[in-house]
2 protein chains.
Amino acid sequence: MSSKNIGTREKILKAAWELLEDNRAKSVRMSDIAKQAGISRQALYLHFPTRAEMLVATARYLDDVKKVDERLAASRAATTGVERLNAFIEAWGNYIPEIYGVAKAFIALQDTDEAAALAWSDRMQAVRHGCEAAVAALKKEGALSPDHSPKAASDILWTLLSVGNWEKLRNDCGWSQKRYIETMKLTARRVLVGEGAQR
Amino acid sequence: MSSKNIGTREKILKAAWELLEDNRAKSVRMSDIAKQAGISRQALYLHFPTRAEMLVATARYLDDVKKVDERLAASRAATTGVERLNAFIEAWGNYIPEIYGVAKAFIALQDTDEAAALAWSDRMQAVRHGCEAAVAALKKEGALSPDHSPKAASDILWTLLSVGNWEKLRNDCGWSQKRYIETMKLTARRVLVGEGAQR
DNA sequence: TGTCAACTTTACACAGTGTCAAGCAAAGGA
DNA sequence: TCCTTTGCTTGACACTGTGTAAAGTTGACA
């Protein structure tokens, strides 16, 4: 044990996750998390100095449990560029609903908390690398649309696949998850892949 | 005069706008707005019962000064569907930077304040109607891609043109406003317009 | 038996929103 | 001229949520 009780720390992270998961939008307070974890509010501060750092830890915990990086990396196995693009969209797009609660809390914190903003931007960079890899695969086989440089194409794909867009389509527009994935695949292909290599 | 001093009310709205405009991200407090308007914090509450209602009024004031609805309506003058789509993207896309400060404050409020959420969603519905009109124009001349129903196409266009996407591309990806507009036009065409009628 | 770590309880400082009440100054009747 | 109303000021305070501080409890382990 490096320090503290490892069990309590995990209880906290799980509690935070659970609350963020279904308490959508409503602010999850430190006291709520403590109650959920079955400990005192102050014990929380023994493990995490601030709310922001606790959320960062929660995000890491989630990534760890859910294995995002592995899932994103798996999309690299596809042979053709388009297949790879599809695999990446599927991997990330299906991951979003699993982290949505935590993601939303992070996005809300971005304006007020420097550390949280940094942590979130770091996680989003991982997604960006996935976008860049998919675009590079297209480029390599000449399938990338001549309208976009690889950087521009990555920017577009990254923006397209943002949590905000997922939220809008699923919540505001009432799309199903399946439809979201399929439309994203189609859209990405239309925008990024050159006319000759659409399929 | 219905009540209160109309001059002070406008001073407040202008002050709020100015602060939201360049105080990006940093939270603009009621006391900050009062100071900027040259009145006491309490006088603010004589005009607006809550921060949320003040922001709603600020948004309305902005729309009034900037004439969004007129600008969006102007895009309906275009003859062909694609031209209309372009005109709409240009009108709305160039409006975003002018309201970005206020928009951001609203988006931040969405989770905590019901009234603010409603007001913002109402404003976004206006944009949505513009999207629907542009899509309908495409559909009418058979230029709408067979991949999408009018509703789906509107959803996609609406999502594409969200403030969040503008923010990501301009701030995180470093795009120029001109580039944003041009790429959005191209993207919308690629995604929404059928193969035969791309230009 | 003593000590240490993890946790509890209680209390408080601080920021920001929103409320309340008393006072003040100018405009405009009667 | 006095009186009332309107729009504002000043100052105090309640409430919520975060984060700090300190003293007390409990159980493990040596």
Side-chain angles (χ1 to χ4, degrees), chain A residues 1-16 19-20 23-58 102 104-117 119, chain B residues 1-16 19-20 23-58 102 104-117 119:
Chain A
M1 309 309 95
S2 60
S3 77
K4 315 289 163 75
N5 185 337
I6 197 73
T8 303
R9 189 188 149 92
E10 206 161 324
K11 259 198 288 181
I12 293 170
L13 297 176
K14 243 176 119 175
L19 287 180
L20 289 167
N23 234 6
R24 317 228 137 158
K26 267 170 239 109
S27 71
V28 175
R29 293 171 289 265
M30 293 298 262
S31 50
D32 297 327
I33 294 165
K35 194 184 291 174
Q36 177 81 4
I39 59 166
S40 69
R41 188 173 71 92
Q42 276 53 32
L44 248 171
Y45 287 99
L46 294 177
H47 290 269
F48 306 101
T50 65
R51 190 180 127 92
E53 292 198 42
M54 195 225 61
L55 285 175
V56 170
T58 305
V102 178
K104 249 207 134 177
F106 260 95
I107 291 166
L109 264 187
Q110 267 189 315
D111 302 318
T112 54
D113 193 285
E114 192 74 18
Chain B
M1 311 309 94
S2 60
S3 76
K4 317 289 164 74
N5 186 337
I6 196 73
T8 303
R9 189 189 149 91
E10 206 162 325
K11 259 198 289 182
I12 292 170
L13 297 177
K14 244 177 119 174
L19 287 181
L20 288 167
N23 235 6
R24 316 230 138 157
K26 266 170 240 109
S27 71
V28 175
R29 293 170 289 264
M30 293 298 262
S31 51
D32 296 327
I33 294 165
K35 194 185 290 176
Q36 176 82 5
I39 59 167
S40 68
R41 188 174 72 93
Q42 276 55 31
L44 248 172
Y45 286 99
L46 294 176
H47 289 271
F48 307 100
T50 66
R51 190 180 127 93
E53 292 198 40
M54 194 223 62
L55 285 175
V56 170
T58 305
V102 177
K104 249 207 134 177
F106 260 95
I107 291 167
L109 264 186
Q110 267 189 317
D111 302 318
T112 54
D113 193 285
E114 192 74 18

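In the text below, chain A, chain B and the rest are named by the order of the sequence lines, each starting its count at 1. Computed from a predicted structure; not experimentally measured.
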Colleague: Return the value, rounded to whole Å, for the distance between atom CG of Asp32(B) and atom P of dA15(C).
Modeller: 13 Å
Colleague: How far does OH of Tyr45(B) sit from CE of Met54(B), to the nearest 0.5 angstrom?
Modeller: 9.5 Å
Colleague: Side chains of Phe106(A) and Leu20(A): closer than 4.5 Å at any heavy-atom pair?
Modeller: no
Colleague: Rounded to whole Å, how long is the line connecting atom CD1 of Ile39(B) with atom C1' of dT10(D)?
Modeller: 14 Å
Colleague: Indicate yes or no: at least one non-hydrogen side-chain atom of Val28(A) is less than 4.5 angstrom from one of Gln36(A).
Modeller: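 They are not in side-chain contact.
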Colleague: Could you tell me the separation between the CG atom of Leu109(B) and the P atom of dT17(C), rounded to a whole number of Å?
Modeller: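 Whole-Å distance recorded here is 10 Å.
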Colleague: When rounded to the nearest 0.5 angstrom, what distance separates NE2 in His47(A) from OG1 in Thr8(A)?
Modeller: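 Reported to 0.5 Å precision, the distance equals 5.0 Å.
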Colleague: Going 5' to 3' through nucleotides 13-27 of chain D, assign each nucleotide B (protein heavy atom under 4.0 Å from a base atom), S (under 4.0 Å only from sugar-phosphate atoms) or - (no protein heavy atom that close).
Modeller: ----SBBBB------
Colleague: Look at His47(B) and dC8(D) and indicate whether a side-chain polar atom (N or O) is within less than 4.0 Å of OP1 or OP2.
Modeller: yes
Colleague: Rounding to an integer number of Å, can you tell me how far Leu46(B) CG sits from dA21(C) P?
Modeller: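 Value for this atom pair: 14 Å.
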Colleague: Let me confirm one number: the CG-CD1 distance from Leu46(A) to Ile12(A), rounded to the nearest 0.5 Å.
Modeller: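 So the gap between those two atoms works out to 8.5 Å.
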Colleague: Do NZ/NE/NH1/NH2 and the carboxylate oxygens of Arg51(A) and Asp113(A) come within less than 4.0 Å?
Modeller: no
Colleague: Return the value, rounded to whole Å, for the distance between atom CE of Met54(B) and atom P of dG16(C).
Modeller: 15 Å
